Every structure is written in C-alpha cells, then in structure tokens.
Amino acid sequence: MDSTGKVQTGYSSWSLPLPLKEYAMSRVTVYFYSDRWVPIKYCSLGKAILLHQKANLEGKEILLFPANLDPNQLSNSFN
C-alpha cells in the first residue's frame, strides 16, 4: 500500500484505489473456502488487504467480508 492509500501489487502494474482513509480501520473477517467458508481472523481492512496480497503472492486465495456478514448464510451461488 503506498502513501496515497492505493494498494500496489507485486505481480501487476495496476493499482486498486480504495477508500482506505475513511475505512482503513473498519473491521473485516478473513475467510478461506474448504467445503464451506472458514473464518481465519478478524482484523482491520488495511491489515486484511496486506494479508490478502501476501496470500496471493504465495498462491493462496482468501476473501474478505464485513465482520457482520457470514458468507455461509449466503446463497450457494458463491461456492
């Protein structure tokens, strides 16, 4: 993440602008999928984005959801 709040990826030349200044401390839940959505941890959006980038560089896929949303309660169309 650079000083402007943009996420810089190590594997692409583009950046994704996010409203980090306003939402960086919002609580999210980090999940991975293994026959169902499994929560890994709760953390701030800013930290979760960095964790997502690191996982992505290691070939792992994790997803971030708002802390008050349980993806296991959603339609199976996401699975």
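Computed from a predicted structure; not experimentally measured.
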Qualifying residues under side chain to side chain contact (heavy atoms under 4.5 Å, CB included), relative to [X], sequence neighbours excluded:
X: Ser26; answer: Tyr23
X: Lys54; answer: Glu58
X: Leu64; answer: Val30, Leu45, Ala48, Ile49
X: Glu61; answer: Leu63

Among Leu51, Thr29, Ile62, which residue meets the side-chain contact (heavy atoms from CB on, under 4.5 Å) test with Lys41?
-> Leu51
Identify, with sequence neighbours excluded, every residue that meets ring-ring contact (aromatic ring centres under 6.0 Å, His included) alongside Phe65.
-> Tyr31, Trp37
Inspect the surroundings of OH in Tyr42 and state if more than 12 heavy atoms from other residues, nucleotides or ligands are less than 6.0 Å away.
->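 No - once you tally the heavy atoms of other residues, nucleotides and ligands closer than 6.0 Å, there are 12 at most.
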